[in-house]
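Values in this document were obtained by computation on a predicted structure and should not be read as measured data.
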Amino acid sequence: MFIAFATFYLVSTIVNDVGNYINGLVPVINSLLGLAVTALGIPVYYYYKRKKLLASKF
């Protein structure tokens, strides 16, 4: 149930933000910018996770 609601909320937020951007109400699509910033953090997380794992072996 939570996953269904979260997916619905994410999609409706993106659709709303894109609509506001197309209509000229906002200069940036905030939801996509937030997703991009979050996605940029994923490789950093795995880098430090791997670094910690390798350090614990020695």
Side-chain angles (χ1 to χ4, degrees):
M1 179 90 173
F2 173 77
I3 294 173
F5 177 75
T7 302
F8 169 76
Y9 185 75
L10 177 67
V11 171
S12 66
T13 300
I14 291 172
V15 167
N16 187 33
D17 281 356
V18 170
N20 286 339
Y21 176 76
I22 290 171
N23 291 329
L25 299 174
V26 293
V28 176
I29 303 173
N30 293 322
S31 57
L32 295 180
L33 180 63
L35 286 172
V37 169
T38 303
L40 287 174
I42 293 170
V44 174
Y45 167 78
Y46 282 113
Y47 170 77
Y48 282 106
K49 183 178 176 182
R50 180 181 166 101
K51 185 176 177 181
K52 182 179 177 183
L53 180 66
L54 291 175
S56 68
K57 288 185 178 181
F58 296 108

query = About how many Å separate OH of Y9 and CD1 of I14, when rounded to the nearest 0.5 Å?
reply = 11.5 Å
message = For the CZ atom of F5 and the CG atom of L10, what is their distance to the nearest 0.5 Å?
response = 11.5 Å
Expected list for residues 30-48: side-chain donor-acceptor pairs under 3.5 angstrom, two or more places apart:
unit_1, atom_1, unit_2, atom_2, d
S31, OG, D17, OD2, 3.0
T38, OG1, G34, O, 2.9

query = Do you know which of N16, V26, V28 makes side chain to side chain contact (heavy atoms under 4.5 Å, CB included) with Y21?
reply = V26
